[in-house]
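Labels below follow one simple rule: chain letters A, B, ... track the order of the sequence lines, proteins then strands, and each chain is numbered from 1. Keep in mind that what you see is a predicted model, and the values were worked out from it rather than measured.
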Amino acid sequence: MEYDFKSIEQKWQSWWAENKTFRAVEDPSRKKFYVLDMFPYPSGAGLHVGHPLGYIASDIFSRYKRLKGFNVLHPMGYDSFGLPAEQYAIQTGQHPEVTTNRNIARYRSQLDRIGFSYDWDREVRTCDPGYYKWTQWAFLEMFDSWYDPEKDQARPIGELIARLETTGYADITAERWNAATPKEQSDILMRWRIAYQGETAVNWCPQLGTVLANDEVKDGLSVRGGFPVEQKKMTQWQLRVSAYAERLLSGLDRLDWTDSLKEMQRNWIGKSEGTELTFRCGEQQLPVVVFTTRVDTIYGVTFMVLAPESALVDELTVPSQRAAVDEYLAYVKKKTERERIAETKTATGVFTGSYGINPVTGDKIPIWISEYVLAGYGTGAIMAVPAHDSRDYVFAKKFGLPIVPIIEGCDVSEESFDAKEGKMCNSGFLDGMEVKQAIEAAKDYVEAKGLGRRKTNYRLRDAIFSRQRYWGEPFPIYFKDGIPTPLPLDKLPLTLPEISEFKPAENGEPPLARAKDWTYEGWPLEKSTMPGFAGSSAYYLRYMDPRNDSALVSPEADAYWRDVDLYIGGTEHATGHLIYSRFWNKFLYDRGYVCTDEPFRKLINQGMIQGRSSFVYRVVGTNTFVSAGLKDGYETTEIHVDISLVYNDRLDLEGFRAWRPEFADADFILENGEYICGWAVEKMSKSMFNVVNPDDICDTYGADTLRLYEMFLGPLEQSKPWDTKGIDGVHRFLKRFWRFFYDGDRCLLSDEAPTREELKALHKLIGKEQEDIEAFSFNTTVSAFMIAANELSALKCNKRAILEPMVILLSPFAPHISEELWHRLGHEGSVADAAFPEYVESYTLEDSCTYAVSFNGKTRFTVELPKSLDKDGVEAAVRAMEQTGKYVGAQTIVKVIVVPGKIVNIVLK
RNA sequence: GCCCUGAUGGCGGAAUUGGUAGACGCGCUGGACUCAAAAUCCAGUGCCCUUUAAAGGCGUGCCGGUUCGACCCCGGCUUGGGGCACCA
């Protein structure tokens, strides 16, 4: 029989499901391996061919590790709370749960067709109350914790309370604490809790009616939906991620992640080491602290700038400037984030009327207000050095402030000199020093004189944790006498109430305000819900023990599975999920709930698969289409054409005429009798008619071909366009592989002993596969299969002793055909439980070959030597030749270079 | 502006990390099988010169360097992709 992928794939997919072939069970006698995919948000559009790329890679790795004897955990689930389902609900009234479940069912059927080795018994869904119980629990744990800087970890809030009661803490004395009302005490604790409620400038998105985290905003627009975002001060739940900034940064060094991803996280955390300096400002000698990384430029300070939102603005504005300042503040306030970003090149600002005193020079300098200084970073106030900072320079030029260069020989007539190089001048005690030296000297000086202190700042902000939405986890918090109070643990999960409409309430409150009786013991419950990253932050832990009702994960399961050995997913989560997850995990680690500090040991970012759009060229003003190669002779319009009408860039003319009524009577100008389409690589999307559905590929070629082809396309990490041409090549390979076993219905298998040549081909493949899979070079592994098939085909090999191991080797890539052949070979269990074949190196050796021996590049003679000879071996052989008189030389051999079979170059000195 | 990445035939991409550049696949050309097509198989295929062959010459974005030897290392550019960006 021929290779009938359709029946084979259906058959084994059901067989795997029935036999629970891929169920993972904790077994301390076996080594574990945890392979994780970033679980998908089940969108209404379903999967396109780019989505499974990472899933296929991780599946190959899982199956490979299993063949290698590991106890593999390879789960899958759904990140099923989220905005699109809610937006859809607002428009249609359809409950988000209904759409979510429908989308999940579609995702599941699409995933199933590809033959993944997931343990579906461990599936999690973030919107399932049994799951989000533990999201809520983690939030309460964070609420019940503070970050102890001495122990450098999160500790129970009780420890802080005990300190406040006895000795006081920070600026809160014991007297003040003990005299405080419960509400005041609650407010004080909010300053230290890991999960806290506080007023802060937030990204408010009016169209979505909710606040967003920094990573959910890009270029002043919401990542989801692309709506404008504005800055607004609001009281919101937040997570004190900033407390972990240093650990999140230093932890990166121990992770096996790509440099680019680590770099993104480092940028996002944004550590900068500098100095805090105190300037006395205004009539009242108000101490104003500024942060700078360039204390060495202190002699070049010619003014100061406050952020418009700074509390100091009010205090330092003199009456005569009051009106101008108020006008400026109003102007800043009405700008959206996007407008602010767009205008970064033009300086805006206003003078407060006050002056500050440079603590080092004693100079009196004006204090300005400008939006280029951010309230959220550093202290919200800066010392401006226009000669050596480009932003200060622009500002100084605009408002005619003095520019004083303090580095020898620099020209600041056109732009500032920002580089940290050169010799200091006009700088008192720093004169003559190199900049780098001066930075340190100035820091020392400032500290010694008590004018300031060294300080490290991070750009990483606390995460805004409230969303004014319905389709998310409710906060297990109620307000007793206005005091945020945690729900008792036995009341978890606090499930989402049923509401009839999903848009915000008429009074502008979140949708949960529409719920009847959203109270606990008569007190109001929190009305916002948690953001998307809440549910995805610890899902990898829940997979370890998904049905546990008394803990997020049992200590036993956690101790066995520990952490994710391999995590595969897109780079788009670099500054969102991957930061939050690490934070969340570190918190749970601090509090003793998990045994590892970092959750994802190795991380691979699969590249995006882009679409390959096809174009036809309509001659302007006609319904005539000219083939791509001839289009330069005409004036044409480029039109996207559905890629299902195009094969190898050739247009199906009849299909095209039938595609759209307006093309029904289209004429064509052909080249060589064919219409050739133009093409371009674009994002895969419906509007460009370039979406490829994996289901269609499975129909035409089968899942095994899809899997092989996605891997064959190129390196995993690289982004690449999907191009269906070329898929025939791997499909042909599978058909060929099948024909090693069957010619029609005739079984070709023989039990003859394999020859050395055949064994060589097999073992070369074993070695290559092992090496390549460990290096995640799956495209070259697929090539290795084809090479082996070519070799064995040339040898006309149908021997069981060769083909049976080949079936095992192929099984991670093409599990269905492998399973079928494995059973036809007479095995009972799954090929997934077979053992990876042993690699025997000696089979790869050639006996001998001719080397050309040259000295310093000049060929002297040829010699017959073993092909496997390494450099040392050749050197020894050459020395031996010296003895025989074939080579007589007095010079010393410095280096011997061998290219198998061709050249030996001997470097002499 | 800063930080990561990449650049190799007509195309996707290989190259044991300093050692035969272009594996493997697509495409293309020719052939076999067939009434024909599909499928399958065989051969050829970096470019240039040459009627053909032999033999050359040129070739890993560009310019230079190190080396017996460079796609690989160093210096300087050009350019594609991604990230960060009034962060003081």
What are the atom names and distances for every N/O pair under 3.5 Å that joins the protein to nucleotides 37-40 of chain B?
residue: U40(B); atom: O3'; partner: R739(A); partner atom: NH2; Å: 3.1

Does [X] have any ring-ring contact (aromatic ring centres under 6.0 Å, His included) partners at least two apart in sequence or in another chain, and if so, which?
| X | value |
| --- | --- |
| F712(A) | none |
| F279(A) | none |
| W268(A) | none |
| Y328(A) | Y331(A) |

Original post:
Nearest to the side chain of T293(A), which nucleotide is it out of C4(B), C24(B), A88(B)?
Top reply: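 The answer is A88(B), which lies nearest to the side chain.
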Original post:
In terms of side-chain heavy atoms of Y372(A), which of A88(B), C24(B), C86(B) is nearest?
Top reply: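 Of A88(B), C24(B), C86(B), C86(B) is nearest to the side chain of Y372(A).
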Original post:
G10(B): syn or anti, with syn meaning chi within 90° of zero?
Top reply: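 Anti, angle beyond 90° from zero.
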**OP:** For U34(B), decide between syn and anti, treating a glycosidic angle within 90° of 0 as syn.
**Re:**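 Because its glycosidic torsion lies more than 90° from 0, U34(B) adopts the anti conformation.
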**OP:** Check RNA chain B for consecutive Watson-Crick or G-U pairs with both distances under 3.5 Å and list the runs of at least three as stems.
**Re:**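 Stem list for RNA chain B: B:1-7 with B:78-84, B:10-12 with B:24-26, B:27-32 with B:40-45, B:46-48 with B:56-58, B:61-65 with B:73-77.
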Original post:
Which residue, T571(A) or A381(A), contacts RNA chain B at a nucleotide closer to its 5' end, judged by nearest heavy atom?
Top reply: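 In this pair, the answer is T571(A).
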**OP:** With sequence neighbours left out, write down each residue that passes side chain to side chain donor-acceptor pair (under 3.5 Å) with R739(A), or none if nothing qualifies.
**Re:**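 If we apply the side chain to side chain donor-acceptor pair (under 3.5 Å) test to R739(A), skipping adjacent residues, there are no hits.
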Original post:
By side chain to side chain donor-acceptor pair (under 3.5 Å), which residues pair with D256(A), not counting sequence neighbours?
Top reply: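 Partners of D256(A) under the side chain to side chain donor-acceptor pair (under 3.5 Å) test: K602(A).
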Original post:
Hey, are K764(A) and E791(A) close enough for a salt bridge, meaning a charged N less than 4.0 Å from a carboxylate O?
Top reply: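 Salt bridge flag = yes for E791(A) with K764(A).
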Subject >> Set of side chain to side chain contact (heavy atoms under 4.5 Å, CB included) partners for S272(A), sequence neighbours left out >> reply: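 By the side chain to side chain contact (heavy atoms under 4.5 Å, CB included) rule, S272(A) matches F291(A), T293(A), Y377(A), N457(A).
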Original post:
Using the benzene-type ring in the case of Trp, are the ring centres of F5(A) and H731(A) under 6.0 Å apart?
Top reply: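 Yes: the rings meet the under 6.0 Å criterion.
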**OP:** Establish, yes or no, whether a centroid distance under 6.0 Å links the rings of Y372(A) and F395(A).
**Re:**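 Here the rings of F395(A) and Y372(A) have centres that are less than 6.0 Å from each other.
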Which whole number of Å gives the distance between the [atom1] atom of [N] and that of [M]?
| N | M | atom1 | result |
| --- | --- | --- | --- |
| C62(B) | G10(B) | P | 14 Å |
| U60(B) | A70(B) | C1' | 11 Å |
| A15(B) | G64(B) | P | 29 Å |
| C63(B) | C58(B) | P | 14 Å |

Subject >> Interatomic spacing from OG in S416(A) to NZ in K397(A) - rounded to 0.5 Å >> reply: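 If I round to the nearest 0.5 Å, the distance is 10.5 Å.
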**OP:** Quick one: which residue pairs count as a salt bridge (Lys or Arg N to Asp or Glu O under 4.0 Å) with a foot in residues 260-271 of chain A, not counting sequence neighbours?
**Re:**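 Found E246(A)-K271(A), D253(A)-R266(A), E263(A)-R266(A).
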**OP:** Strictly below 4.0 Å, heavy-atom distances to any atom of RNA chain B: list the hits from residues 268-275 of chain A, or just say none.
**Re:**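 S272(A), in order of number.
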**OP:** Specify the closest pair of heavy atoms between T379(A) and V289(A), including all atoms of both residues, with the distance to one decimal.
**Re:**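 Answer, listing the atom of T379(A) first, then V289(A): OG1-O, 2.6 Å.
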Collect all protein-nucleotide pairs involving nucleotides 5-13 of chain B in which both atoms are nitrogen or oxygen and the distance is under 3.5 Å.
residue: G12(B); atom: O2'; partner: L713(A); partner atom: O; Å: 2.6
residue: G13(B); atom: OP1; partner: Q718(A); partner atom: NE2; Å: 2.6
residue: G13(B); atom: O3'; partner: N779(A); partner atom: ND2; Å: 3.4

Subject >> Phosphate OP1/OP2 of A88(B) contacted by Y377(A) side-chain N/O (<4.0 Å) >> reply: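 For Y377(A), the contact criterion (side-chain N or O under 4.0 Å from OP1 or OP2 of A88(B)) is met.
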